[in-house]
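Contents: one structure, followed by commentary.
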There are 2 protein chains.
Amino acid sequence: MYQAHPALRQPVTAADRVLQEIQRAIVDGDIAAGSKISEPELARRFDLSRAPLREALARLERCHLIERIPNAGARVVTLSTAGLLALYQLRENLEGLACKLAAEHMTDAEITEVRQLLDQHLSSQRVREGESYYQEAGDLDFHYRVILGSKNSYLINILCDELYYLVRMYRVQLGMNGPRVSRAFDEHKAIINAIANRDGELADLLMRRHIAASRRNIELQLEQMGT
Amino acid sequence: MYQAHPALRQPVTAADRVLQEIQRAIVDGDIAAGSKISEPELARRFDLSRAPLREALARLERCHLIERIPNAGARVVTLSTAGLLALYQLRENLEGLACKLAAEHMTDAEITEVRQLLDQHLSSQRVREGESYYQEAGDLDFHYRVILGSKNSYLINILCDELYYLVRMYRVQLGMNGPRVSRAFDEHKAIINAIANRDGELADLLMRRHIAASRRNIELQLEQMGT
DNA sequence: AAAGCATAAATTGTCGACAATATGCGCCTA
DNA sequence: TAGGCGCATATTGTCGACAATTTATGCTTT
């Protein structure tokens, strides 16, 4: 298997654990978007002191799930069309770059692994039709692999640590359980093929289109909710 | 004047103040690259407790100036050719994107301000020839304005908060006091002209070239030191 | 009754001490 | 003498309490 990125490492400290719990809670909407974060309340709820909690809050701010104001506290971010657009504008560019670099730096073994992954996801998806979690996880896994394949630590950090939780939050809370499933699989296939052919330019282009399509999909959902 | 980005806001808390001090110390090399960070030592040195210090360390990690390992402590990052390349690869892309977006979103007033800024820097640079600080600051200021002009908060955050201190660290510690000064000014002029003409594609291209030139300049310096 | 101010409550920021973990040293063994 | 084990030391992680700041409340004033 591939070496897990620090972002995926298992929690060793209390702050790590509570971070993961709160992260999941925010992404899944258990802690409502826009709601105020109360340190004393969360400390009681997770049964630890404020020190590790504040450490966790600092990292939540880092991945844009909360916004803090000095002496005034923190709030969960609110989702908006403008925010989604800004986020995906960036993603298109960064993941495009990641593809270009992956075409240069991924080993043949890594490429083979990703292909196996895709086949695996496809079959498990056929078996469990409709269960969107697997699509969600599978899609993320594909993107993770390509990003890691870029071998650029700064790029990896930004995409996997700082932007992806927010991306997931949009998808989960807007109920993106995927009519786009099979199309996405085909697009993934095309991207890994371009990378395998060491055609960075094409891989870049395909990834940008792939993400743009995904963005339009979510925008549509947002509009429907707005009206 | 333009609204300062959160990154530039004045410190209100003790953690903010010590962060700025340590940030400067690391960027300027007063705290050596690669050296270990001792929390008790820094706490004594800046005469505060470890709580705000740890808050500051969390943010230093965020802008890639230190690397922390759970239960083992933090080290100042080490500079390397590979790291420089990865950093500038990203910068070329992100600031290119910033230019493209700035061409769409900057107001005429903001563009006028940047032009005044350039003229101002040019004259003050002529007056104080050789004093590289002004070039350094001026260059940063120009880039900041364009980035802010993109109006994409995620992009602004990444470039201004998370990558620029490291960029400065490379420039300062490798003694980039600028034979490239006048050429950089011309390039800045060309970029703002493209933005003024609402030619995002050209602005993108010019910025990428501008940063690539800057990177080659630093690479040269790194090679000279290595041999 | 609405606006403004003073006070009270609650929240965030900071502190010093303790617990858990990692680092360094000396000793033992081969 | 080199390598490994065990203990002493030092550092990081966590805790509970206090200080500083903000937010909420209620009173006064026009």
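Because only heavy atoms are used, hydrogens play no part in the values below, and waters and symmetry mates are left out as well, while side chains stay in. Sequence lines set the chain letters: A, B, ... in the order given, protein chains first and strands last, and positions in each chain run from 1.
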What I want to find out is whether Arg145(B) reaches Asp141(B) closely enough, with some N-O distance under 4.0 Å, to be called a salt bridge. yes
With heavy atoms under 4.0 Å as the rule, sort Ile37(A) into base, sugar-phosphate or nothing. sugar-phosphate
Is the phosphate of dA10(D), meaning OP1 or OP2, less than 4.0 Å from a side-chain N or O of Lys36(B)? no
List every contact pair, protein side and nucleotides 13-18 of chain D side both N or O, where the distance is under 3.5 Å.
from, atom 1, to, atom 2, distance (Å)
dG13(D), OP1, Asn71(B), N, 3.1
dG13(D), OP2, Arg54(B), NH1, 2.6
dG13(D), OP2, Arg54(B), NH2, 3.0
dG13(D), O3', Thr13(A), OG1, 2.8
dG13(D), N7, Arg50(B), NH2, 2.8
dG13(D), O6, Arg50(B), NH1, 3.0
dT14(D), OP1, Thr13(A), OG1, 2.5
dT14(D), OP1, Ala14(A), N, 2.5
dT14(D), OP2, Thr13(A), OG1, 3.1
dC15(D), OP2, Ser49(A), N, 2.8
dC15(D), OP2, Ser49(A), OG, 3.2

Going by an N to O cut-off under 4.0 Å, is there a salt bridge joining Glu55(A) and Arg59(A)? yes
Under-4.0 Å salt bridge between Lys151(A) and Glu110(A): yes
Side-chain polar contacts of residues 73-84 of chain B - donor-acceptor pairs under 3.5 angstrom, sequence neighbours left out - could you list them?
from, atom 1, to, atom 2, distance (Å)
Arg75(B), NE, Gly34(B), O, 3.2
Arg75(B), NH2, Gly34(B), O, 3.2
Ser80(B), OG, Gly83(B), N, 2.9

Kindly assign one of parallel, tilted or perpendicular to the pair His188(B) and His210(B), based on the angle between their ring planes and the thresholds 30° and 60°. perpendicular
